[in-house]
Amino acid sequence: MPDGGYADTYSPRKVLDDPSFRILASGEAPAPDANIAAFYNPNHEIHLVEKPRPTPGPGQVLVHVRSTGICGSDVHFWKHGRVGDSMVVTDECGSGHESAGEVIEIGEGVTQWKVGDRVAIEAGVPCSKPSCDYCRVGRYNACPDVVFFSTPPFHGTLTRYHLHPAEWLHRLPDSLSFEEGSLCEPLAVALAGIERAGLRLGDPTLICGAGPIGLVSLLSARAAGAEPIVITDLFQSRLDFAKKLVPGVRTVLIERGLTPKDAAQKIKAAADGPVKVAIECSGVESSVHTAVHAAQFGGKVFIIGVGKNEQVFPFMHLSANEIDISFQYRYANQYPKAIRLVAGGLINLKPLVTHRFKLEEAVSAFHIAADPSQGAIKVQIQD
């Protein structure tokens, strides 16, 4: 576990060892004012728990979490117990990191917030120490002592009451709902990708995967002026959703068994030529290959997706065509931009939400999010 910054403040043991912590039986109704949360564990169980209501200390704010989206990583931790080798579920662990809510208590020294303020919660809290090179230069997503809520061992923000450092909250304009505030988290992921990929006005762009991150990347690429934009997926229903979201997008269905080179030919036909920027949102090896073969000489393949630990890439094709390949780890410095873009009307996140549940129904929400046959894009839990 990280040993600097906020790691001790947010130690999971403080919750798990508290006498009031308990796992609710299936179907058990929690007390109306209980601080309930959705937790998963190494046995791949998902359930509600009751946990202590925290009290803000110096520099902290207590937030009543009003809206939280279920991320694919939440489902992955539940179903598979890990993401890579460094993020492993070893005990009861709270889910959720796409959240927004209302300030209900403030700690000593907090002057920028007052009770009733509406905020988006940035879930990755770095140490912010001057001695940390990454924090000092603004690439705080690489901070080795970061506390990222819902990444084991730290509990997440899918809870009624969440304690957060005051400086890592972002004010929501009156025009933005709590739901839109929570969707600023996946939007931050997409915006970081658009920025680091170097996408410019008029760039022919490919987006691989029409899941939630692919769709917010589509919205972001359109706002950035990419043209044409081609989006791919294995499911026609998701491509249809993408077409409704951005009518000008060109869609390509990837049939199972199609080789990456053949899929790339379909993409180039749809785009009227090779693409300058490919944003890969699935992490699947064959999809990465497809993106590489669809890129122009000197193009960029930017991988947001999370995949298996080791993959094989078409090395000599990349080399002979000077195609750059880059990766992303979370995000940094994106929340204010995300809020401005949504508030200014350049990006509309509202259509992404397909299912809504009460906090007490969080377990059912997870089952819907995990079942592709339900057609969920973004599942929201509200309180």
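Residue numbers run from 1 in the order of the sequence given. Please read all numbers here as calculations on a predicted model, not as lab measurements.
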> Can His367 and Gln374 be counted as having a side-chain donor-acceptor contact under 3.5 angstrom?
Replying inline: no
>> Applying side chain to side chain contact (heavy atoms under 4.5 Å, CB included), can you list everything that pairs with Ala166, at least two apart in sequence or on another chain?
In response: Val61, Val110, Gln112, Trp113
>> Go through it in stages, so that I can follow the logic: the residues are Asp262 and Thr259, the test is side chain to side chain donor-acceptor pair (under 3.5 Å), and I'd like the CA-CA distance, side-chain angles, deciding distance and then a yes or no.
In response: CA-CA 5 Å; Asp262 288 342; Thr259 69; 3.1 Å; yes
> Counting only N and O atoms by type, is there a donor-acceptor contact under 3.5 Å from the side chain of Lys243 to the main-chain atoms of Val249?
Replying inline: yes
> If every non-hydrogen atom of Lys300 is compared with every non-hydrogen atom of Ser326, which pair is closest and at what distance?
Replying inline: NZ-OG, 3.1 Å
>> Tell me whether the rings of Phe39 and Phe21 are parallel (<30°), tilted (30 to 60°) or perpendicular (>60°).
In response: tilted
> Can we say Glu28 and Arg22 salt-bridge, meaning some charged N sits less than 4.0 Å from an Asp/Glu carboxylate O?
Replying inline: yes
>> If the threshold is 4.0 Å, N to carboxylate O, is there a salt bridge linking Glu179 and Arg66?
In response: no
>> Assess whether a salt bridge exists between Asp91 and Arg13, defined as any Lys/Arg side-chain N lying under 4.0 Å from an Asp/Glu carboxylate O.
In response: yes
>> Can you list everything that forms a side chain to side chain contact (heavy atoms under 4.5 Å, CB included) with Asp240? Sequence neighbours excluded, please.
In response: Gln236
> Going by atom types alone, do Ser67 and Arg356 pair a side-chain donor with an acceptor below 3.5 Å?
Replying inline: no
> Are the aromatic rings of Phe327 and Phe302 close, with centres under 6.0 Å apart?
Replying inline: no
> Shortest non-hydrogen contact from Gly116 to Glu102?
Replying inline: CA-OE2, 3.7 Å
>> Strictly below 4.0 Å, N to O, side chains only: are Asp203 and Arg200 in salt-bridge contact?
In response: no
>> According to salt bridge (charged side-chain N to carboxylate O under 4.0 Å, His left out), who are the partners of Glu360, at least two apart in sequence or on a separate chain?
In response: Arg160
> When you check the gap from the basic side-chain N to the acidic O, do Arg53 and Glu105 get nearer than 4.0 Å?
Replying inline: yes
> For Asn43, does the CG atom sit with more than 12 other heavy atoms under 6.0 Å from it, leaving out its own atoms?
Replying inline: yes
>> Any carboxylate oxygen within less than 4.0 angstrom of a Lys/Arg side-chain nitrogen, looking at Lys14 and Asp17?
In response: no
>> Looking only at the aromatic ring of each residue, does the gap between the centers of Trp168 and Tyr6 stay below 6.0 angstrom?
In response: no
>> Any side-chain to backbone donor/acceptor pair from Asn321 onto Leu318? Under 3.5 Å, distance only.
In response: no
>> Is it the case that the side chain of Asp74 and the backbone of Gly96 share a donor-acceptor pair, with hydrogens and angles ignored and the cut-off at 3.5 Å?
In response: yes
>> Checking one residue: Ile70. Which other hydrophobic residues are in its cluster under the side-chain 4.5 Å linking rule?
In response: Leu24, Ile36, Tyr40, Ile46, Leu48, Val75, Phe77, Trp78, Val83, Met87, Val89, Leu158, Val306, Phe357, Leu359, Val363, Phe366, Ile368, Val379, Ile381
> Any chain of hydrophobic side-chain contacts (each under 4.5 Å) joining Ile106 to Val125?
Replying inline: no
> With hydrophobic residues grouped by side-chain heavy-atom distances under 4.5 Å, do Ile267 and Ile207 end up in a single group?
Replying inline: no
> His162 and side-chain contact (heavy atoms from CB on, under 4.5 Å): which partner among Val65, Leu62, Asn35?
Replying inline: Val65
> Are the ring centres of His170 and Tyr335 closer than 6.0 Å?
Replying inline: yes
> Looking at Ala197 and Val277, what are the two nearest heavy atoms and their distance?
Replying inline: CB-CG1, 4.1 Å
>> Could you work out, with salt bridge (charged side-chain N to carboxylate O under 4.0 Å, His left out) as the rule, every residue matching Arg118, not counting sequence neighbours?
In response: none
Which side-chain N or O atoms in residues 211-232 pair as donor and acceptor under 3.5 Å with protein atoms at least two apart or in another chain?
unit_1: Ser217; atom_1: OG; unit_2: Ile213; atom_2: O; d: 2.8
unit_1: Ser220; atom_1: OG; unit_2: Val216; atom_2: O; d: 2.8
unit_1: Arg222; atom_1: NH1; unit_2: Ala226; atom_2: O; d: 2.8
unit_1: Arg222; atom_1: NH1; unit_2: Glu227; atom_2: OE1; d: 3.1
unit_1: Arg222; atom_1: NH2; unit_2: Glu227; atom_2: OE1; d: 3.3

> Under the side-chain contact (heavy atoms from CB on, under 4.5 Å) criterion, do Asn333 and Tyr140 qualify, and how do the steps go?
Replying inline: CA-CA 9 Å; Asn333 308 304; Tyr140 58 84; 3.3 Å; yes
> Who are the side chain to side chain contact (heavy atoms under 4.5 Å, CB included) partners of Lys337, not counting sequence neighbours?
Replying inline: Leu191, Glu195, Gln334, Arg340, Leu341
>> For Ser20, give me all partners under side chain to side chain contact (heavy atoms under 4.5 Å, CB included), at least two apart in sequence or on another chain.
In response: Asp18, Pro52
>> On a heavy-atom basis, which atom in Pro351 and which in Leu245 lie closest, and how many Å separate them?
In response: CB-CD1, 3.8 Å
> Quick one: do Leu176 and Phe178 end up in the same hydrophobic cluster if we chain Ile, Leu, Val, Met, Phe, Trp and Tyr together by side-chain heavy atoms under 4.5 Å apart?
Replying inline: yes
>> Is it the case that the side chain of His97 and the backbone of Ser73 share a donor-acceptor pair, with hydrogens and angles ignored and the cut-off at 3.5 Å?
In response: no
> Does Lys266 have any salt bridge (charged side-chain N to carboxylate O under 4.0 Å, His left out) partners at least two apart in sequence or in another chain, and if so, which?
Replying inline: Glu255
>> Applying salt bridge (charged side-chain N to carboxylate O under 4.0 Å, His left out), can you list everything that pairs with Glu45, at least two apart in sequence or on another chain?
In response: none
>> Around atom CZ of Arg136, are there more than 12 heavy atoms from other residues, nucleotides or ligands closer than 6.0 Å?
In response: yes
> How far apart are the C-alpha atoms of Glu122 and His164, what are their side-chain angles, what is the distance that settles it, and do they pass the side chain to side chain donor-acceptor pair (under 3.5 Å) test?
Replying inline: CA-CA 9 Å; Glu122 183 162 356; His164 209 72; over 6 Å; no
>> Given 3.5 Å as the limit, does a donor-acceptor pair link the side chain of His289 with the main chain of Pro260, or not?
In response: no
>> Has Gln328 got a side-chain atom pairing as donor or acceptor with Arg330's backbone, closer than 3.5 angstrom?
In response: yes
> Listed by chain and number, what are the ring-ring contact (aromatic ring centres under 6.0 Å, His included) partners of His76, not counting sequence neighbours?
Replying inline: His80
> Short question: side chain of Ser319, backbone of Phe315 - any donor-acceptor pair under 3.5 Å?
Replying inline: no
> Is it true that a side-chain atom of Asn141 and a backbone atom of Tyr329 form a donor plus acceptor pair closer than 3.5 Å?
Replying inline: yes
> Side chain of Glu280, backbone of Gly283: donor and acceptor closer than 3.5 Å?
Replying inline: yes
>> Between Ser177 and Glu180, do the side chains contain a donor N or O and an acceptor N or O under 3.5 Å apart?
In response: yes
>> Hydrophobic clusters here meaning ILVMFWY residues chained together by side-chain heavy-atom distances under 4.5 Å, can you tell me if Val246 and Val252 are in one?
In response: no
> More than 12 foreign heavy atoms under 6.0 Å from CZ of Phe297: is that the case here?
Replying inline: yes
> So, do Phe149 and His155 have ring centers that fall under 6.0 Å from each other?
Replying inline: no
> Cluster question for you: counting only ILVMFWY and a side-chain heavy-atom cut-off of under 4.5 Å, with indirect links fine, are Ile377 and Leu239 together?
Replying inline: yes
> Under a single-linkage rule joining Ile, Leu, Val, Met, Phe, Trp and Tyr whose side-chain heavy atoms are separated by less than 4.5 Å, which residues share a cluster with Tyr134?
Replying inline: none
